[in-house]
Protein chains: 2
Amino acid sequence: MRADAQRNRARVLAVAAEIFASEGLSVPVHEIARRAGVGTGTVSRHFPTKEDLFAAVLLERMKELSEQADALTGSPGAFFTFFATLVREAAANRGLAEALGGAGFDVEAAAAQAGYDVTARLNALLASAQESGEVRPDITYPDVKALMAGCLSADLSDPATLDRLVAVVSGGLRGTARDS
Amino acid sequence: MRADAQRNRARVLAVAAEIFASEGLSVPVHEIARRAGVGTGTVSRHFPTKEDLFAAVLLERMKELSEQADALTGSPGAFFTFFATLVREAAANRGLAEALGGAGFDVEAAAAQAGYDVTARLNALLASAQESGEVRPDITYPDVKALMAGCLSADLSDPATLDRLVAVVSGGLRGTARDS
DNA sequence: GTCGAAACGGGACGATCATCCCGATTCTAG
DNA sequence: CTAGAATCGGGATGATCGTCCCGTTTCGAC
């Protein structure tokens with residue numbers, strides 16, 4: 001790969017990450033190209049479709065999150081900790097939140113394409129939390145995803161909101177719950 | 001209003017209600033007109049914008065739901081019952097679910113325009129449930145809306161899924177929770 | 001330094017829709 | 001029955017975007 005092409009690719013990726021995070025998925029590709037100081041053709045050569053671009057952006061964060069999940073595995077409350085981490089990550093990333101909420105692209109597909117399967121990690125943490133009785137046994141992975149999307153659908157301008165929602169959901173997921 | 005115009009308006013409204021419920025908000029106005037057997041001009045004359053059409057569709061259901069809420073007021077667990085009713089209503093109505101999830105139109109505005117303020121009802125039920133200690137005191141109305149959206153974002157082809165999610169959220173909202 | 005290949009820029013294209021407009025049609029009061 | 005006004009149908013219009021294409025520029029191996 002030519003050096004200039006490599007630079008441009010990295011630049012587009014960085015700009016796209018920033019824009020997707022702050023403005024969501026609906027920003028036009030033209031705008032990303034403009035802010036990156038390249039032509040639209042350059043973007044679409046490196047990332048044939050908008051979804052490819054989004055998947056590439058996601059790839060970096062996925063790696064980190066996967067490692068974090070692995071580090072947590074085995075410790076008590078790992079599922080709840082990782083759940084909160086994921087929600088917080090998405091709360092700070094509008095594009096990711098939209099994708100998780102179903103609007104736009106398929107996060108699972110992008111994650112799978114990435115190779116770092118955060119989905120599988122969360123699933124595993126869920127299963128062991130259920131075995132140890134930390135989480136109601138009837139809950140499924142899609143349930144968790146939906147509840148996560150719910151937390152993200154709120155207006156998060158007040159950071160306490162997210163904590164409250166995560167607390168509600170976490171409490172509801174426990175087989176044995178406790179007072180607020 | 002001319003008799004034929006009245007008939008057409010009612011017909012468009014009925015068809016739109018059916019289509020919005022089964023296929024969501026993204027269906028083109030042309031398609032609604034086509035299935036109603038009228039021209040697009042007829043639709044846009046009765047309902048200047050797509051959002052007006054959606055608001056008119058909502059109006060009918062809002063009336064029913066508001067009355068249900070009023071009937072419940074005062075009885076124990078009213079908040080939880082009404083919450084479940086609302087979620088079930090939206091689960092059977094893809095357009096409403098999308099609107100509640102933030103994609104598309106502003107439900108609150110449509111409801112307010114309708115005069116039947118389901119929002120206010122749910123808010124009142126929440127407040128009295130908090131006074132009686134049924135619901136955590138720190139919860140806000142937007143929190144409830146977000147959690148509702150979460151329940152609806154799941155794949156609901158299995159009806160048990162909705163029950164499970166409502167149970168989790170209800171349990172999480174209680175000041176004092178209980179086993180699954 | 002030269003030249004072929006790779007990459008670039010950005011405009012063209014095509015698809016999707018909501019909304020508006022206007023000539024044709026239908027209703028209804030008198 | 002008739003005239004005029006309300007209504008109708010559906011194509012035109014305009015906006016938004018993602019994707020593709022191609023003439024031009026730049027890179028880098030030799």
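Order of the sequence lines fixes the chain letters, A, B, ..., with proteins taken first and strands second; residue numbering starts at 1 for each chain. Keep in mind that this is a model prediction, so the values were computed, not measured.
- A residue-by-residue look at Phe47(B) and Thr42(A) shows that Thr42(A) has its nearest nucleotide of DNA chain C further toward the 5' end.
- Atom pair Met1(B):CE and dT28(C):C1' shows a separation of 15 Å (rounding to whole Å applied).
- In this structure, a donor-acceptor pair under 3.5 Å is present between the side chains of Asp52(A) and Thr49(A).
- In this structure, the CZ atom of Arg7(B) is 14 Å from the C1' atom of dA6(D), given to the nearest Å.
- Contact of the Met148(B) side chain with the Leu86(B) side chain is registered, since non-hydrogen atoms from C-beta on lie closer than 4.5 Å.
- Using a 4.0 Å heavy-atom criterion, one finds that Ala33(B) contacts no nucleic acid atom at all.
- The base of dG18(D) has none of its N or O atoms less than 3.5 Å from a complementary donor or acceptor on the side chain of Thr40(A).
- Atom CD in Glu31(A) sits roughly 15 Å away from atom C1' in dG18(D) (whole-Å rounding).
- One can place CG of Asn8(B) at 12 Å from P of dG10(D), the figure rounded to the nearest angstrom.
- In this structure, the CG atom of Asp4(B) is 6 Å from the P atom of dC27(C), given to the nearest Å.
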Report task. Apply salt bridge (charged side-chain N to carboxylate O under 4.0 Å, His left out) to Asp138(A) and Arg164(B), showing your working. Result -> CA-CA 8 Å; Asp138(A) 57 343; Arg164(B) 223 161 44 233; 5.0 Å; no
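- In terms of phosphate contacts, His30(B) brings no side-chain nitrogen or oxygen within less than 4.0 Å of OP1 or OP2 of dT16(C).
- In this structure the side chain of Phe20(A) reaches within 4.5 angstrom of the side chain of Leu53(A), judged on heavy atoms.
- Spacing between atom CZ of Arg45(B) and atom P of dT7(D) amounts to 7 Å, rounded to whole angstrom units.
- For the pair Arg2(A) CZ and dG28(D) P, the computed distance is 6 Å after rounding to whole Å.
- In this structure, the nucleotide among dA18(C), dC20(D), dC8(D) sitting nearest to the side chain of Lys50(B) is dA18(C).
- Here the C1' atom of nucleotide dT19(D) and the CD1 atom of Ile32(A) are 14 Å apart, to the nearest Å.
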